[in-house]
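Step one of this worksheet: look at the structure below.
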Amino acid sequence: MALHFDRSEFAVRLARLTDRMREEKLDALLLFAQESMYWLTGYDTFGYCFFQTLVVKSDGTMALLTRSADLRQAKHTSILENVHIWVDRVNADPTIDLRNLLVEMDLLGARIGVEYDTHGMTGRIARMLDAQLTSFAQIVDASYLVSRLRLIKSLAEVAHVERAAVLADEALDQALAVTKPGADEADVLAAMQGAVFAGGGDYPANEFIIGSGEDALLCRYKAGRRKLDAQDQLTLQWAGVFAHYHAAMMRTIVIGEPSYRHRELYNACYETIQAIETVLKPDHSFGDVFDMHAKIMDERGLSRHRLNACGHSLGARFSPSWMEHQMFHVANPQPIEPNMSLFVHMIIMDSDTGTAMTLGQTYLTTDDAPRALSRHSLDFVNV
């Protein structure tokens, strides 16, 4: 079986989940987030682009409802034994199959939590699900129940995150080796992704971000490549990925002679990330991290050029995003606890002068100061 953890690890996770379900007075939980299924059972697929759900009862009983294409996938990659198939057909409504399965599992009239806030739950599926279950059971939005449990990483998960961080460093090594005037963005991207694959890693949950010139001010991947000028700027955001666990990094590389504005914005990024390290620890919240970011940036007159978030939790994630629900934004009360893997990024995009500057890395929180997972320094990068 293609399991990335011992069965004892999955047993502990199931116990944590059922304990929380009982606290929430949930008789069952319908998981639609692929990362929740993966975390709980090892089930590894991109089949969540179609209807599928994992039913978890408070007594620990589990049953997966999916398509025939994922039957062997579930058997091979997970600890699941109870797999049910809904049949592809014209006007198929798999929520009827789900309702029948819930009857078999003695859940009529039960209090059932549902993961609504996930890419595995489309608006159409939500409407079909509600139509079938509203009169069948008491439905509760439990979108963040498993998500919050995944925030704290076990020692086995930390090992995967650390391996992902090594791959992220190797990707930066390769990027720096090929970045120079005249270099093609395609070669930079190929070198970075190739380093992750060569190191035994996986596809990232979203595309690597790459942009130079004016496109260096973009915070998302887009199609199209260009060659670097003798005087240029290159923004990169990428992640090392191992067993779906991500360790992200971010840099803006200046090609040629840096401008005064590049240096000025870098100093703001560096000062801010150093200050954030003082609050990225227990007894602080995710909101405290953002407040530190906003305070320093705004004092430097950069409020128009910064973003409204400065990072997020990372873990095992699936397309279309490696970002977890818990982000560093204003007033987020989520406490910082040991063994969280957290990506902190400073992103300043000055459209007035056409200047980009970014700086970011992944940390593992501890009982005190956070531990940066990258061996690379946060020094200004100029080639």
Below 4.5 Å, heavy atoms only, C-beta onward: do R375 and E170 meet side chain to side chain?
-> yes
Donor-acceptor pair, side chain of D350 and main chain of A356, under 3.5 angstrom = no
Listed partners of Y266 passing ring pair (Phe, Tyr, Trp, His ring centres under 6.0 Å), at least two apart = Y270, F380
Side chain to side chain contact (heavy atoms under 4.5 Å, CB included) between L280 and H284: does it pass, once the steps are laid out?
-> CA-CA 7 Å; L280 197 68; H284 292 278; over 6 Å; no
Would you indicate whether the side-chain heavy atoms of L14 and V56 approach each other to under 4.5 Å?
-> yes
State, with a plain yes or no, whether a side-chain heavy atom of L80 is found less than 4.5 Å away from one of L54.
-> yes
Taking the side chain as C-beta and beyond, is there a heavy-atom pair between V114 and V140 under 4.5 Å?
-> no
Is a side-chain N or O of T365 found less than 3.5 angstrom from the main chain of N339, in a donor-acceptor match?
-> yes
If you round to the nearest 0.5 Å, how far is CD of Q274 from CD1 of I296?
-> 9.5 Å
Report yes if the side chains of Q326 and R148 come closer than 4.5 Å at any heavy-atom pair, otherwise no.
-> yes
Qualifying residue, where the test is side chain to side chain contact (heavy atoms under 4.5 Å, CB included) with L65 and the options are V83, N100, T53 = T53
Before accepting this row, confirm whether a basic side-chain N of the pair E162/K153 lies closer than 4.0 Å to the acidic partner's carboxylate O.
-> no
Per the side chain to side chain contact (heavy atoms under 4.5 Å, CB included) rule, which among D27, L29, L30 passes with I112?
-> L30
Do W86 and M37 sit in the same hydrophobic cluster, where Ile, Leu, Val, Met, Phe, Trp and Tyr count as joined when their side-chain heavy atoms come under 4.5 Å apart?
-> no
Contacts of type salt bridge (charged side-chain N to carboxylate O under 4.0 Å, His left out), residue D88, not counting sequence neighbours | R67
Hydrophobic cluster identity match, Y116 and L145, side-chain contacts under 4.5 Å | no
Would you say H305 and L265 make side-chain contact, with heavy atoms under 4.5 Å?
-> no
Has the side chain of T118 got a donor or acceptor atom that lies under 3.5 Å from a matching backbone atom of M121?
-> no
Counting only heavy atoms not in Y221, do more than 12 fall under 6.0 Å of its OH?
-> yes
Is there a chain of hydrophobic side chains (I, L, V, M, F, W, Y, each step under 4.5 Å between heavy atoms) that links L133 to M128?
-> no
Close aromatic pair by centroid cut-off 6.0 Å: F197 and Y203 | yes
More than 12 heavy atoms of other groups within 6.0 Å of R127 CZ = no
Measure from the side-chain N and O atoms of H325 to the backbone N and O of D117, and report whether any donor-acceptor pair falls under 3.5 Å.
-> yes
Under 3.5 Å, is there a donor-acceptor pair between the side chain of H293 and the main chain of G311?
-> no
Do D368 and K281 sit within salt-bridge range, that is, some charged N less than 4.0 Å from a carboxylate O?
-> yes
F5 and Y245 aromatic ring geometry - parallel, tilted or perpendicular at 30°/60° bounds | perpendicular
Do the side-chain N and O atoms of D6 and S8 include a donor-acceptor pair separated by under 3.5 angstrom?
-> no
Under the 3.5 angstrom rule, does the side chain of Q361 hit a backbone N or O of S374 as a donor-acceptor pair?
-> no
Residue pair P204 / Q193: nearest heavy atoms and the distance that separates them = CD-OE1, 3.5 Å
Distance-only polar pair, side chains of H76 and D44, donor-acceptor under 3.5 Å = no
Give the C-alpha distance, both sets of side-chain angles, the deciding distance and a yes or no for side chain to side chain contact (heavy atoms under 4.5 Å, CB included) between D70 and Y43.
-> CA-CA 10 Å; D70 278 301; Y43 179 40; 3.2 Å; yes
Whether R89 side chain and V87 backbone form a donor-acceptor pair below 3.5 Å | yes
Would the number of heavy atoms belonging to other residues, nucleotides or ligands and lying under 6.0 Å from CG of D283 be above 12?
-> no
Can we call the ring centroids of F290 and H329 under 6.0 Å apart?
-> no
Electrostatic pair D187:K180 at N-O distance under 4.0 angstrom | no
Is there a side-chain contact between V178 and Q174, using heavy atoms and a 4.5 Å cut-off?
-> no
Calculate, to the nearest 0.5 Å, the distance between atoms OG and CE belonging to S313 and M327 respectively.
-> 10.5 Å
Step-by-step side chain to side chain contact (heavy atoms under 4.5 Å, CB included) determination, Q138 to R111 = CA-CA 5 Å; Q138 181 185 357; R111 178 177 163 87; 2.9 Å; yes
Does Y144 belong to the same Ile/Leu/Val/Met/Phe/Trp/Tyr cluster as L151, with side-chain heavy atoms less than 4.5 Å apart forming each link?
-> no
Distance-only criterion, 3.5 Å: show the donor-acceptor pairs between side-chain atoms of residues 207-218 and protein atoms not counting sequence neighbours.
unit_1 : atom_1 : unit_2 : atom_2 : d
S212   : OG     : E185   : OE2    : 2.4
S212   : OG     : R226   : NH1    : 2.7
D215   : OD2    : K222   : NZ     : 3.2

Check: T358 main-chain N/O paired with T252 side-chain donor or acceptor under 3.5 Å | yes
How close do V161 and S341 get, heavy atom to heavy atom, and via which atoms?
-> CG1-CB, 4.0 Å
Is it true that a side-chain atom of H119 and a backbone atom of P320 form a donor plus acceptor pair closer than 3.5 Å?
-> no
Note, I347 side chain near C219 side chain (heavy atom, < 4.5 Å) = yes
Take Y38 and H244 through the side chain to side chain contact (heavy atoms under 4.5 Å, CB included) test and state the conclusion after the steps.
-> CA-CA 9 Å; Y38 178 77; H244 293 292; 3.8 Å; yes
Can you find a side-chain donor-acceptor pair between R150 and S36 that sits under 3.5 Å?
-> yes
Examine L129 and V146 and state if one hydrophobic cluster contains both, with Ile, Leu, Val, Met, Phe, Trp and Tyr joined whenever side-chain heavy atoms are less than 4.5 Å apart.
-> no
Give a yes or no on whether the backbone of A205 and the side-chain of R317 come within a donor-acceptor separation of less than 3.5 Å.
-> no
What do you reckon, is CD of E81 surrounded by more than 12 foreign heavy atoms closer than 6.0 Å?
-> no
So, Q233 versus H262: side-chain donor-acceptor pair below 3.5 Å or not?
-> yes
Should the pair F318 and Y48 be assigned to parallel (<30°), tilted (30 to 60°) or perpendicular (>60°) ring geometry?
-> perpendicular
